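Here, residue 1 is the first one in the sequence, and each next residue gets the next number. Small disclaimer: the values here were computed from a predicted structure and weren't measured.
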Amino acid sequence: MAEETTCPYSKTNPYLATLAVRSRANAPESQKETVHLEIDLGDSGLVYKSGDSLGVYPRNADKLVDAVLKAYKFTGDESVTLPKATAATTLRAALTTELALGAITKKFVQFVHDNAACDCDKAKLAEVLGNADPVAQKAWIDARHVLDLGEEFPSVKCDAQAFAEQLRKLAPRLYSISSSPRFVGKDKVHLTVAVVRYETNGRARDGVCSTFLGEYAPVGAPALPVFVANSHFGPPADLNAPMIMVGPGTGIAPFRSFVQDRAAQGAKGKNWLFFGDQRVKTDFLYQAEWEKALADGLLTRLDCAWSRDQDYKIYVQDKIREAGAEVWKWLNDEGGYFFICGDAKRMAKDVEAALLEIFKTHGGLDDAGAADKLKALKAEGRYQKDVY
C-alpha cells in the first residue's frame with residue numbers, strides 16, 4: 001500500500017496558486033463591490049472541505065509603496081533584513097510583500113517623533129504622545145496610516161532598517177470558501193469577496209487583501225500565495241438532516257459550498273437559506289444559482305431580506321422571526337441544524353436574539369429554557385457560527 005504524502009504547503013509555506021477567474025458578483029450600479037473568484041490549486045495537494053477557509057497573503061499596491069517611499073525619502077533600493085529572514089532584501093520588496101502599511105501604533109508615532117528633524121514636527125507629535133485624554137489620542141492614531149505620518153511630518157528622516165523594524169508583518173487574510181471540492185473539483189476553489197474601500201483622515205483607503213484580490217492580482221499567473229485553514233464549521237454529516245443557513249452579504253459564501261456539497265452527494269436533507277443585502281436588483285449574489293436550486297428542489301426554501309428596497313429596513317433576523325413557527329419545527333421536531341455566517345458585531349447577535357424569541361414564542365419556553373435550548377443545540381453541534 002502506498003504511503004500517504006503530506007501536503008508541503010501551509011501558512012508558513014503558502015502555495016502560489018493561479019487566479020483563473022475574477023468577475024463581479026453584484027451589478028455595476030450597486031453601492032457594494034463584490035467579486036467572485038475561481039482559483040486553480042494545480043497539483044499543490046492542498047485539500048479543503050466545505051466550511052473551510054482559504055488563507056491569502058496579499059501584497060501592498062505599488063502606488064502605495066511608491067508613496068510611502070517618497071514620504072520617508074527612501075529610494076526603495078536600501079537593504080533591510082527582516083526577522084527570521086535568511087537573507088537581506090530591498091526595502092521596496094519588503095514593503096510590497098512583507099510589511100503592513102496600514103494602521104499605526106503609538107510606538108510608531110514615537111518613532112516618527114524621535115526621527116523628526118524639525119522642532120515644529122516634534123512639538124506636534126509630542127502633543128499627541130502626551131495627550132492626557134486616551135480616547136482622543138487613540139482617535140488621532142486610529143485615523144492615520146503609515147503614509148499619513150510621513151506626509152504630515154515631512155522632516156522625518158530615518159534609517160531604512162530602523163523604519164522596517166517599526167512596521168508590523170503583513171498578515172494573511174482568511175476567506176470562507178464558496179465551493180465544494182466534490183462539486184467543482186479538488187484542484188479548484190472559489191471565493192466570494194467584498195472589496196473594502198473607506199475613508200479616514202480625509203484620505204481614501206483600500207482594504208489590503210480585498211483590493212489585491214478584487215483589482216490587481218494578476219489573472220492567469222501563479223502569483224497568489226494561499227493555504228487552507230481547516231474549520232469545524234461545516235454541513236451536517238447526516239445527509240438527511242434539515243439545514244437552515246443564514247448568510248447575508250458575503251456570508252453567503254460557505255452556504256454555496258454547503259449546498260454544492262449536498263448536491264454532489266445526493267443528500268435528501270432539506271435546505272433553507274436566509275439571504276439579505278441592500279437591493280434585489282443589484283445585490284442578489286448568485287441569484288441564478290439559487291433560483292435553479294429552488295426550482296430543482298435542492299433548495300427547499302429561500303427567504304430574502306432587502307434592506308434598501310422599501311422605506312423601512314428589513315434584515316435576515318426579521319425574516320427569521322416571520323418564519324418562526326417553521327424554524328422551530330425544523331430545529332425542534334426534525335433535528336435540524338442552524339448555521340450563521342457574516343458580521344459578528346450586529347447581525348449574528350440579532351439573529352441569535354431572534355432565535356431565542358422563537359424558542360419562547362413557538363416553543364413555549366421561558367428565558368432560561370430558551371437559553372438552555374440554544375446551549376443544547378451548540379453542544380450537539382447543531383448551532384454553528386462563522387462570524388468575523
Nearest heavy-atom contact between T75 and L69 is O-CD1, 4.3 Å

Is any side-chain heavy atom of W330 closer than 4.5 Å to a side-chain heavy atom of M243? no

Ring centre gap for F74 and F163 strictly below 6.0 Å: yes

Output the distance between atom CD (E33) and atom OG1 (T211), rounded to the nearest 0.5 Å. 9.0 Å

Between F233 and F258, what is the ring plane arrangement, given parallel below 30°, perpendicular above 60°, and tilted in between? tilted

May I ask you to say whether E199 pairs ionically with R205, meaning some side-chain N is under 4.0 Å from a carboxylate O? no

Counting only N and O atoms by type, is there a donor-acceptor contact under 3.5 Å from the side chain of S155 to the main-chain atoms of C118? yes

Under 4.0 Å between a Lys/Arg side-chain N and an Asp/Glu carboxylate O for D66 and K63? no

Are the side chain of Q384 and the backbone N or O of F338 linked by a donor-acceptor pair below 3.5 Å? no

In terms of hydrophobic clustering (I, L, V, M, F, W, Y; side-chain heavy atoms under 4.5 Å; direct or indirect links), are F183 and L298 co-clustered? no

Are Y388 and Y175, when compared by the centres of their aromatic rings, separated by less than 6.0 Å? no

Taking atom CG of D133 as the centre, report whether more than 12 heavy atoms of other residues, nucleotides or ligands fall under 6.0 Å from it. yes

Count the heavy atoms of every other residue, nucleotide or ligand shown that sit under 6.0 Å from NZ of K122, and state whether that count exceeds 12. yes

Does K73 NZ have over 12 foreign heavy atoms under 6.0 Å away? yes

Indicate, with yes or no, if the rings of F275 and W306 have centres closer together than 6.0 Å. yes

Judged by modelled atom types alone, do D261 and S180 share a side-chain donor-acceptor pair under 3.5 Å? yes

Assert yes or no for the condition that the ring centre distance of Y286 to H36 is strictly below 6.0 Å. yes

Test item: E152 and D121 side chains (from C-beta on) under 4.5 Å apart, heavy atoms: no

Please report the C-alpha distance between E127 and N131 in whole Å, then the side-chain angles of each, then the deciding distance to 0.1 Å, and finally whether the side chain to side chain donor-acceptor pair (under 3.5 Å) criterion is met. CA-CA 6 Å; E127 185 178 347; N131 194 333; over 6 Å; no

Between D283 and Q31, is there a side-chain donor-acceptor contact under 3.5 Å, judged purely by atom types and distance? no

Parallel, tilted or perpendicular: rings of F339 and Y337 (30°, 60°): parallel

